[in-house]
Amino acid sequence: MNVLVVNCGSSSVKYSLFRMPAGEGGAAEVRASGIVERIGLEPGRIRHRAVCAAGDSGPAEAGGRTDERDVAAPDHEAALALMINALSRGRLAVIAGPADIQAVGHRVVHGAEQFTGSVRVTGEVIRALKEFSALAPLHNPPNLVGIRAAQRLMPAAAHVAVFDTAFHQTLPPRAFLYALPYDLYAEHRIRRYGFHGTSHRYVTEAAAGVLGLPLGRTNLITCHLGNGCSAAAVEGGKSVDTSMGLTPLEGLVMGTRSGDLDPAVVFHLVRAQGMTPDEVDDLLNRRSGLLGVSGVASDMRDVMAAAAAGDRRAGLALDIFCYRLRKYIGAYTAVLGRVDGLVFTGGIGENSAEIRERTCCGLQPLGYVLDAALNAAPSRAPRDVAAPGSRSRILVIPTDEELLIARDTARLAAAAGA
Ligand code: ADP
């Protein structure tokens, strides 16, 4: 079965085409992937990579072949049509046409309380997503536009929605409720939802495998550290707490987001600094975090390079980043009691031995002891980097959200007889 995974943002569409194994146990294979960017701007741009082009007789070149060019992408439907063209026509085609795509998995940011797992897209699902758009005004509307355009362009395919929030729907009320007047939850559904659920779920399942434990008995603290960052406490394979809240702004320090702060800072900015709510929103979401503190960059590699070159504020940004994460690990250790594995994932978590080391430094009394050599050894494989005597294992697990979306999509499509 060919499964297309689509992630529609406000001005971009990312995609990956998978060939999924027929039965259990086979390996999924990425056939092509790419991105259409600058949707609505002139010109737009497509970058398409074919891993194994149709008609190839020999093995694909390492990393595949890539084509990049300017395009006219006035809206999401045009962007998806460009994607289908790239997949099915020309030098880097991997399928004969849209009819070769049996199922499409859509990444959807907010599934609110209704969606505790992935679902086939129906009229009812579309209506619910429209309703949740108020909870995720930046993300759900483009997700929805993408789903409808993809349904028009690939009417024969099964369409599946996979939610960033779904994995965290197992949080108990004490973890998801804010200490606000209860009516705000009961009437307006203001609560912690949590995000990055696809990644936390992927690494949870992978970590249970690495640890050789049944998923239902695996306790983990999973740290997804990318441009956005979040941590989750996972008990018996289920999320029981997570650092992001009503929106992805809460919790850890991120590339451009502040994470936790005293809500009164907002009133102060409005009253004393005369900022509008939109300006505060922009400040906290796009001008804070690593970028705001360092004044250098939102990208961790740039901040680390500046710190290494002696930039004081870049050093401070790193310090705050690791300190905040360490506090969450301590808190979630208290939540879980027994922690089988502390998991690092995302671009920073997977690649930066230094951030892992700085974060774990001081956590030895809680049972987290890194092995310096294992931690520093570069690898792309899921691995245990804890010292032999460490009470909890410390795992580095490359995440693969697209693969998880493809698996859910293939499963639901197969169940529906696609
Ligand atoms: P996204 O959240 O957009 O999916 P990624 O998970 O790819 O992003 O993470 C991007 C972040 O990972 C950037 O801050 C980048 O600097 C950081 N990163 C990637 N490689 C390294 C590395 N070797 N050392 C430190 N940070 C890294």
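Bear in mind the structure is a predicted one, so any value in this text is a computation, not a measurement. Indexing begins at 1, ligand by ligand and atom by atom, following the structure's order. Sequential numbering from 1 along the given sequence is applied to the chain's residues.
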Report summary line: One finds that the ligand 1 atoms under 4.0 Å from a non-hydrogen atom of Met304 are 25 (C)
Query raised in the report: When you measure from atom 16 (O) of ligand 1 to every protein heavy atom, which one gives the shortest distance, and what is it?
Result: Asp299 OD1, 2.4 Å
Report task. Write out the residue and atom name of the closest protein heavy atom to atom 14 (O) of ligand 1, then the distance separating them to 0.1 Å. Result -> Met300 N, 2.9 Å
Report summary line: Closest to atom 5 (P) of ligand 1 (heavy atoms only, candidates Ser199, Gly346, Ser352, Gly347) is Gly347
Requested in this report: Indicate whether the side chain of Tyr368 and that of Thr333 have a donor and an acceptor atom separated by less than 3.5 Å.
Outcome: yes
Query raised in the report: How far is atom 11 (C) of ligand 1 from its nearest protein heavy atom, and which residue and atom name does that atom have?
Result: Ile348 CG1, 3.8 Å
Query raised in the report: When the ring planes of His196 and His200 are compared, do they come out parallel, tilted or perpendicular, using 30° and 60° as the limits?
Result: tilted
Query raised in the report: Does the cation-pi check pass for Arg189 over Tyr185, that is, NZ or CZ under 6.0 Å from the six-membered ring centre and within 45° of its axis?
Result: yes
Report task. Kindly indicate whether the side chain of His139, heavy atoms from C-beta on, has any atom under 4.5 Å from the side chain of His110. Result -> no
Query - Distance from atom 27 (C) of ligand 1 to nearest protein heavy atom, with residue and atom - result: Arg301 CG, 3.6 Å
Query - Identified side chain to side chain contact (heavy atoms under 4.5 Å, CB included) counterpart of Leu87 within the set Leu92, Leu4, Leu82 - result: Leu4
Query - N-O pairing of Asp408 and Arg201 below 4.0 Å - result: yes
Requested in this report: Looking only at protein heavy atoms, identify the closest one to atom 20 (N) of ligand 1 and say how far it is in Å.
Outcome: Asn351 ND2, 3.4 Å
Query raised in the report: Are any of the N or O atoms of Asn227 closer than 3.5 Å to those of ligand 1?
Result: yes
Requested in this report: Return a yes/no value for Leu225: is any of its N or O atoms, backbone included, closer than 3.5 angstrom to an N or O of ligand 1?
Outcome: no
Query raised in the report: Does the salt bridge (charged side-chain N to carboxylate O under 4.0 Å, His left out) test come out yes or no for Lys14 and Glu402, once each step is laid out?
Result: CA-CA 10 Å; Lys14 288 188 200 143; Glu402 280 79 21; over 6 Å; no
